[in-house]
Amino acid sequence: MQIPSFYEQVYEVVRLIPKGRVMSYGGVARQCGRPGRARAVGYALHMLQAGTRVPWWRVINSYGRISIPDPEAAELQRQKLTEEGVVLDEHLRTDMRKYDAEMVVYEKLRRRRREGVRGS
DNA sequence: CCAATGACCGTAA
DNA sequence: GTTACGGCCATTG
């Protein structure tokens with residue numbers, strides 16, 4: 001297949017974030033092999049439609065906070081995370097040291113690469 | 001092609 | 001703790 005589009009890479013990585021864990025936009029960009037493209041990651045997630053299988057709510061900013069301008073979407077994200085056991089304080093902030101899944105995703109990608117990647 | 005926009009990030013004060 | 005700035009770059013007009 002062709003080189004995955006940036007979007008597809010982003011969605012692929014986000015899909016690897018385990019339930020109950022989170023990852024920063026920058027972290028997703030790094031695991032896509034595109035460090036520094038955090039903004040583009042946000043743009044990609046912004047494009048997702050309702051009902052997508054991509055767990056977009058597990059992506060927050062490096063400050064550990066929900067970073068969605070739209071209040072409704074932000075509330076939905078807070079709800080989703082709480083359901084999964086992610087604790088958020090009154091400022092919608094969470095402890096990244098505790099929930100960051102970047103290393104987990106890194107290991108998954110590393111193993112996948114070792115076993116050889118074939119069509120989804 | 002150029003300019004503006006944005007669910008970002010790191011650093012500095 | 002806060003605000004400000006420069007840098008980042010995919011997408012859109």
Side-chain angles (χ1 to χ4, degrees):
Chain A
M1 68 181 266
Q2 315 299 46
I3 296 174
S5 70
F6 182 70
Y7 279 10
E8 285 183 44
Q9 282 189 64
V10 169
Y11 302 150
E12 185 66 34
V13 169
V14 174
R15 250 184 258 124
L16 296 178
I17 305 174
K19 180 180 178 182
R21 304 295 291 278
V22 300
M23 202 153 121
S24 72
Y25 295 92
V28 172
R30 275 193 296 278
Q31 296 315 310
C32 280
R34 302 276 193 301
R37 278 64 161 183
R39 298 191 80 148
V41 170
Y43 202 92
L45 296 184
H46 180 63
M47 297 273 291
L48 290 172
Q49 304 170 28
T52 177
R53 57 182 170 159
V54 179
W56 56 267
W57 57 88
R58 294 176 188 151
V59 183
I60 57 184
N61 65 29
S62 67
Y63 194 54
R65 294 189 66 208
I66 283 178
S67 185
I68 305 180
D70 176 38
E72 278 185 43
E75 171 56 23
L76 175 60
Q77 180 169 26
R78 187 193 65 72
Q79 212 170 309
K80 285 277 198 181
L81 288 174
T82 300
E83 272 176 32
E84 299 186 348
V86 175
V87 179
L88 297 161
D89 66 15
E90 67 278 9
H91 299 294
L92 295 183
R93 189 169 70 181
T94 192
D95 186 353
M96 286 299 275
R97 292 184 308 174
K98 189 173 178 182
Y99 299 108
D100 186 29
E102 185 167 356
M103 284 313 293
V104 177
V105 170
Y106 172 78
E107 291 299 335
K108 285 189 180 181
L109 286 172
R110 193 169 67 81
R111 188 175 65 175
R112 173 179 296 193
R113 200 173 302 132
R114 189 177 66 224
E115 295 175 352
V117 185
R118 275 174 293 287
S120 53

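Residue numbering restarts at 1 for every chain, and letters A, B, ... go by the order of the sequence lines.
When the P atom of dG1(C) is taken as reference, atom NE2 of H91(A) falls 9 Å away, rounded to whole Å. Put simply, OH on Y25(A) is 19 Å from P on dC9(C), counting in whole angstrom units. Taking atom CZ of R34(A) as the reference point, atom C1' of dC9(B) lies 18 Å away to the nearest angstrom. In this structure, N61(A) atom CG and dG6(B) atom C1' are separated by 14 Å, rounded to whole Å. Atom P of nucleotide dG10(B) and atom CE of M96(A) are separated by 10 Å, given to the nearest angstrom. If you take CG of L48(A) and C1' of dA10(C), they are 15 Å apart, rounded to a whole angstrom. What separates CZ of R30(A) from P of dC9(B) is a distance of 9 Å, to the nearest Å.
Contact between the side-chain N/O atoms of Y63(A) and the OP1/OP2 oxygens of dT2(C) is found at a separation under 4.0 Å. Listed pair R65(A) / dC9(B) fails the phosphate criterion, with no side-chain N or O lying under 4.0 Å from OP1 or OP2.
Proximity note for A40(A) (side chain, C-beta onward) versus dC9(B), dA10(C), dA7(B): the nearest is dA10(C). Taking only side-chain atoms of M47(A), from C-beta outward, the nucleotide of dA10(C), dT12(C), dA7(B) with the closest atom is dT12(C). Across dC9(B), dG1(C), dA7(B), the shortest atom-to-atom separation from the side chain of R93(A) is found for dG1(C). In the set dG6(B), dT12(C), dA7(B), the nucleotide with an atom closest to the side chain of R39(A) is dG6(B).
No chain of hydrophobic side-chain contacts below 4.5 Å, direct or via other Ile, Leu, Val, Met, Phe, Trp or Tyr residues, connects Y106(A) to V41(A).
Of the residues near DNA chain B, G27(A) and Y43(A), the one whose nearest nucleotide (by heavy atom distance) lies more toward the 5' end is Y43(A).
Each of I17(A), V10(A), V13(A) was scored for a side-chain contact (heavy atoms from CB on, under 4.5 Å) with V59(A), with one residue passing: I17(A). Applying the side chain to side chain donor-acceptor pair (under 3.5 Å) test between W57(A) and each of Q79(A), E83(A), E84(A) identifies E84(A) as the sole match.
With hydrogens and angles ignored, no donor-acceptor pair closer than 3.5 Å exists between the side chain of R37(A) and the base of dG7(C).
The side-chain heavy atoms of W56(A) and H46(A), taken from C-beta on, include no pair separated by under 4.5 Å.
A salt bridge links R15(A) with E12(A): at least one charged nitrogen is closer than 4.0 Å to a carboxylate oxygen.
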